[in-house]
Amino acid sequence: MKIIVIQGPNLNMLGVREQHIYGAMSLEQIHKQMSDAAKQSNVELEFFQSNLEGELVDKIQECLGVADGIIINPAAYAHTSIAIADALRAINLPTVEVHISNLYRREEFRQKSVTASASTGIISGFGPFGYHLALMSMTQIFNEIKAMKEAEAKQAKK
Ligand code: DQA
C-alpha cells in the first residue's frame, strides 16, 4: 500500500514557527517518525511539501493510479482552497486531513475547512501525533476496503 503525505504552506517551518501552537518538531522529524511506523505495517510512504497551491493540486492529481491513499495537511489552504478540494474529489482516493492544532479552539476563520468535506476523515488538535493517528486511520480504511471487496467477491460467486 502506498500513501502520499502532502504538506501545505509554511509546514516546512515547523519547529521554528509558533512553537506554542505547532510544537518543536520539524517536518523532517515528523516524517521520520511516520516512516519508522510505516515500516512496521507494510506501507510505503512518499512525502511532498509545497507553499504553492497549484503545486499541491498537481501533486494530488498525480496520486491517481499511483497511490492508495493520501494524508494531507493543506495548512492555510484548508480554509480557502476550492481548487485543492476539487482535486481531492476528482481523484477520489481515501484521504485523511490532518491539522496539528485544534482548528475549533482557534480564530473563527480557521474553524472552517473547505477541503475537509473532500476527505474521508479529519484529525485536528493532537499535535504532530495527529500524523501517526492518520497513518493508523489509513491502515484501518485499507482493511475495511479489503474486507468489503472480499465480501463482494464472495457474493458474486454465489
Ligand atoms: C494548520 C492550521 C492552519 O490554520 C494553519 O494555517 C496552518 C497549520 C495545522 O496544522 O494546525 O498552517 O493546518
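Along the sequence shown, residues carry numbers from 1. Just follow the structure's listing: the first ligand is 1, and inside any ligand the first atom is 1.
- At least one N/O-N/O distance between A76 and ligand 1 falls below 3.5 Å.
- Under 4.0 Å from ligand 1, heavy atoms of H99 appear from its side chain as well as its backbone.
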request  = Evaluate the criterion side chain to side chain contact (heavy atoms under 4.5 Å, CB included) for residue pair E18 and M13; output intermediate values, then yes/no.
outcome  = CA-CA 9 Å; E18 300 176 284; M13 297 292 286; over 6 Å; no
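- If you check which protein heavy atom lies closest to atom 6 (O) of ligand 1, you get R110 NH1, 3.1 Å.
- Within the listing of ligand 1, atoms 3 (C), 4 (O) sit less than 4.0 angstrom from a heavy atom of H79.
- A donor-acceptor contact closer than 3.5 angstrom links the side chains of E97 and H99.
- Contacts between I100 and ligand 1, counted as non-hydrogen atom pairs separated by less than 4.0 Å, involve both the backbone and the side chain.
- Contacts between Q7 and ligand 1 below 4.0 angstrom, taking non-hydrogen atoms only, are absent altogether.
- H79 and F109 have perpendicular rings, their planes meeting at more than 60° on a 0 to 90° scale where under 30° would count as parallel.
- A heavy-atom separation below 4.0 Å is not found between N10 and ligand 1.
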ask   = Are E46 and K59 close enough, and set up right, to give a salt bridge (charged side-chain N to carboxylate O under 4.0 Å, His left out), and what steps lead you there?
value = CA-CA 11 Å; E46 182 189 318; K59 189 65 193 177; 2.6 Å; yes
Under 3.5 Å donor-acceptor pairs involving side-chain atoms of residues 140-158, not counting sequence neighbours:
unit_1 : atom_1 : unit_2 : atom_2 : d
Q140   : NE2    : E144   : OE2    : 2.8
N143   : ND2    : T139   : O      : 3.4

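- Nearest protein heavy-atom neighbour of atom 11 (O) of ligand 1: S101 OG, 2.6 Å.
- For the pair L103 and ligand 1, a heavy-atom separation below 4.0 Å is found.
- Contacts with ligand 1 closer than 4.0 Å are made by side-chain heavy atoms of N73 only, the backbone lying farther away.
- Heavy atoms of R17 approach ligand 1 to within less than 4.0 angstrom.
- Shortest contact from atom 7 (C) of ligand 1 to any protein heavy atom: Y22 OH, 3.5 Å.
- Using modelled atom types, one finds a donor on one side chain and an acceptor on the other under 3.5 Å when comparing S117 with R89.
- Within the 3.5 Å criterion, the main-chain N or O of L103 finds a donor-acceptor partner in the side chain of S124.
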Using a 3.5 Å cut-off and no angle test, enumerate the donor-acceptor pairs between side-chain atoms of residues 48-55 and protein atoms at least two apart in sequence or in another chain.
unit_1 : atom_1 : unit_2 : atom_2 : d
Q49    : NE2    : G8     : O      : 3.1
Q49    : NE2    : N12    : OD1    : 3.4
Q49    : NE2    : N51    : OD1    : 2.9
S50    : OG     : L52    : N      : 2.9
S50    : OG     : E55    : OE1    : 2.8
N51    : OD1    : N10    : N      : 3.0
E53    : OE2    : S81    : OG     : 2.5

